[in-house]
Protein chains: 2
Amino acid sequence: MKNYINSLREHNLKATPQRLAIVDALYINGHMNTETLYGLMIQKFSSISLATIYKNINIMIEKNFIQEVKLPHAKSVYELTKTSHSHLLCKKCGAIEDVEINLDVMIENISKTNQFQIDKTDFVLSGNCKNCQ
Amino acid sequence: MKNYINSLREHNLKATPQRLAIVDALYINGHMNTETLYGLMIQKFSSISLATIYKNINIMIEKNFIQEVKLPHAKSVYELTKTSHSHLLCKKCGAIEDVEINLDVMIENISKTNQFQIDKTDFVLSGNCKNCQ
DNA sequence: AAGATAAAGAATAACTTTTATCCATTAAGT
DNA sequence: ACTTAATGGATAAAAGTTATTCTTTATCTT
């Protein structure tokens with residue numbers, strides 16, 4: 001378990017109990033949407049406001065502490081910022097897995113071919129996971 | 001210019017003037033979000049309802065006639081269904097380009113390595129286009 | 001071509017999702 | 001401890017999307 005108090009501070013984010021709980025939930029669950037995150041947080045902080053969830057998600061995205069992952073036919077989920085990676089999405093059970101795919105060569109080629117300077121990729125591969133086929 | 005009357009019918013969609021105008025706009029512009037689409041349509045049909053835009057987008061997605069493209073830090077855009085392709089997004093000017101990337105070998109490898117059966121990919125590469133660097 | 005009918009459009013309300021506002025509370029630096 | 005700027009909670013407001021009702025129309029059948 002990481003020391004998220006300092007990680008938050010390093011990103012110029014005050015380490016409030018609500019924030020630490022959100023970060024902890026993302027650490028444990030990997031990917032969560034606002035709805036399920038709120039559902040979890042309300043258990044710890046019975047008076048937490050949904051606006052607090054949104055405000056924190058937004059500021060943590062702004063400070064690059066977390067990332068939004070947009071999924072086809074589903075609500076966006078959020079994850080702690082890690083090294084660049086892609087996502088596997090199971091259409092049946094909704095499970096999301098991180099997957100490391102080296103895209104460097106491909107990006108290099110596309111950059112040249114299309115005269116397009118590429119900074120970042122959002123790559124979601126959808127189908128059926130091991131348990132759902 | 002294609003005959004979209006028949007294409008719509010083949011997808012079990014009535015060819016109404018409003019629908020044809022939407023399809024035509026997508027054909028011409030490539031990618032549009034609900035807001036800009038409504039802005040264009042209101043010029044042709046002064047009494048068109050925003051609900052009509054949403055209803056048509058939803059049913060056309062359902063019938064696989066158009067596709068939603070989810071973009072980082074921007075509203076989703078819609079495009080006519082074509083052969084599978086990826087997208088280049090310019091962070092500066094917002095331009096979106098289709099790009100053919102052969103992912104077959106990569107998908108094959110990922111499927112094996114992760115025991116995950118992959119049907120479909122959503123791949124957006126962001127950066128700066130030719131004119132914005 | 002005319003009539004019948006299921007589907008679609010317009011207008012509007014309702015609902016969902018997200019953001020803004022205001023004030024009380026608190027984390028963090030001095 | 002004290003101060004202050006930032007954050008949380010409560011709530012309202014705004015933005016985005018869907019549902020409802022009734023009228024109109026595209027399409028099928030004669």
Side-chain angles (χ1 to χ4, degrees), chain A residues 3-25 32-78, chain B residues 3-25 32-78:
Chain A
N3 179 355
Y4 283 116
I5 294 181
N6 288 332
S7 326
L8 284 168
R9 287 179 186 161
E10 284 159 18
H11 287 78
N12 296 309
L13 293 162
K14 270 196 188 178
T16 68
Q18 291 85 345
R19 254 170 217 177
L20 286 166
I22 290 172
V23 172
D24 193 48
M32 300 185 83
N33 64 33
T34 52
E35 196 182 353
T36 53
L37 191 52
Y38 179 61
L40 249 186
M41 290 305 101
I42 198 82
Q43 294 175 32
K44 286 204 170 188
F45 305 93
S46 58
S47 71
I48 199 171
S49 174
L50 183 54
T52 297
I53 304 294
Y54 278 102
K55 276 189 288 191
N56 280 320
I57 282 178
N58 287 336
I59 198 168
M60 288 196 274
I61 288 174
E62 207 175 287
K63 303 288 189 182
N64 203 37
F65 193 81
I66 67 173
Q67 302 289 325
E68 179 172 10
V69 182
K70 293 200 176 187
L71 302 172
H73 311 298
K75 299 182 69 169
S76 291
V77 293
Y78 303 88
Chain B
N3 179 355
Y4 283 116
I5 294 180
N6 287 333
S7 326
L8 283 168
R9 287 181 186 158
E10 282 159 18
H11 287 78
N12 296 309
L13 292 162
K14 271 196 189 177
T16 67
Q18 291 85 346
R19 256 171 215 176
L20 286 166
I22 290 172
V23 172
D24 194 46
M32 300 185 84
N33 63 32
T34 51
E35 196 181 353
T36 53
L37 192 50
Y38 179 62
L40 248 187
M41 291 304 101
I42 198 82
Q43 293 175 31
K44 285 204 170 186
F45 305 94
S46 59
S47 71
I48 199 172
S49 174
L50 182 54
T52 297
I53 305 293
Y54 278 103
K55 275 190 291 189
N56 279 321
I57 283 178
N58 286 335
I59 198 170
M60 289 197 271
I61 288 174
E62 208 175 287
K63 303 288 188 182
N64 203 37
F65 193 80
I66 67 172
Q67 303 290 323
E68 178 172 10
V69 182
K70 292 200 175 186
L71 302 173
H73 312 298
K75 298 183 68 168
S76 290
V77 293
Y78 303 89

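In what follows, chains carry the letters A, B, and so on, assigned in the order in which the sequence lines appear, proteins first and then strands, with residues in each chain numbered from 1.
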Sugar-phosphate only, base, or nothing, as touched by A:Ile48 at under 4.0 Å among non-hydrogen atoms: sugar-phosphate

Atom-pair distance (CG on B:Leu50; P on C:dA8), nearest Å: 18 Å

Whole angstrom value for the distance that separates C1' of D:dA26 from CG of B:Asn6: 14 Å

Nucleotide C:dT17, atom P - distance to CG of A:Asn58 in whole Å: 16 Å

Length of the line joining A:Ile42:CD1 and D:dA10:C1', which is rounded to integer Å: 12 Å

Phosphate OP1/OP2 of D:dT25: any B:Gln18 side-chain N/O under 4.0 Å: no

B:Leu13, B:Ile22, B:Val23 screened by side-chain contact (heavy atoms from CB on, under 4.5 Å) with B:Tyr4, the one that passes: B:Val23

Rounded distance (Å) that lies between atom C1' of C:dA7 and atom CZ of B:Arg9: 13 Å

Side-chain N or O of B:Asn56 closer than 4.0 Å to phosphate OP1/OP2 of C:dG9: yes

Touch class at under 4.0 angstrom, heavy-atom based, for B:Ser47 against every strand present: sugar-phosphate

Length of the CE-C1' vector between B:Met41 and C:dA8, whole Å: 16 Å

Options D:dG8, C:dG9, C:dT19, nucleotide nearest the side-chain atoms of A:Thr16: D:dG8

Nearest-0.5 Å distance that lies between atom CD1 in A:Ile5 and atom NZ in A:Lys14: 14.0 Å

Gap between atoms CZ and C1', on A:Arg19 and C:dA27 respectively (whole Å): 10 Å

Out of C:dT17, D:dT27, D:dT7, whichever nucleotide has its closest atom nearest the side chain of B:Ala15: D:dT27

Whole-Å gap separating C1' (C:dT17) and CD (A:Glu35): 10 Å

Contacts under 3.5 angstrom, residues 57-70 of chain A side chains, donor-acceptor by atom type, not counting sequence neighbours:
{"unit_1": "A:Asn58", "atom_1": "ND2", "unit_2": "A:Tyr54", "atom_2": "O", "d": "3.3"}
{"unit_1": "A:Asn64", "atom_1": "OD1", "unit_2": "A:Gln67", "atom_2": "NE2", "d": "2.8"}
{"unit_1": "A:Gln67", "atom_1": "NE2", "unit_2": "A:Thr81", "atom_2": "OG1", "d": "3.0"}
{"unit_1": "A:Glu68", "atom_1": "OE2", "unit_2": "A:Ser76", "atom_2": "OG", "d": "2.7"}
{"unit_1": "A:Lys70", "atom_1": "NZ", "unit_2": "B:Leu71", "atom_2": "O", "d": "2.8"}
{"unit_1": "A:Lys70", "atom_1": "NZ", "unit_2": "B:Ala74", "atom_2": "O", "d": "2.8"}

Most 5' of B:Leu13 and B:Ser46 on DNA chain C, judged by nearest nucleotide: B:Leu13

Residues, nucleotides or ligands: over 12 heavy atoms within 6.0 Å of A:Lys75 NZ: yes

Phosphate-side-chain proximity, B:Ser49 and C:dG9, N/O vs OP1/OP2 below 4.0 Å: no

Side-chain donor/acceptor of A:Lys14 to base of C:dG29, under 3.5 Å: no

Result of checking B:Thr52, B:Asn56, B:Asp24 against B:Arg19 for side chain to side chain donor-acceptor pair (under 3.5 Å): B:Asn56

Sugar-phosphate, base or nothing in reach of B:Ala51, heavy atoms under 4.0 Å: base

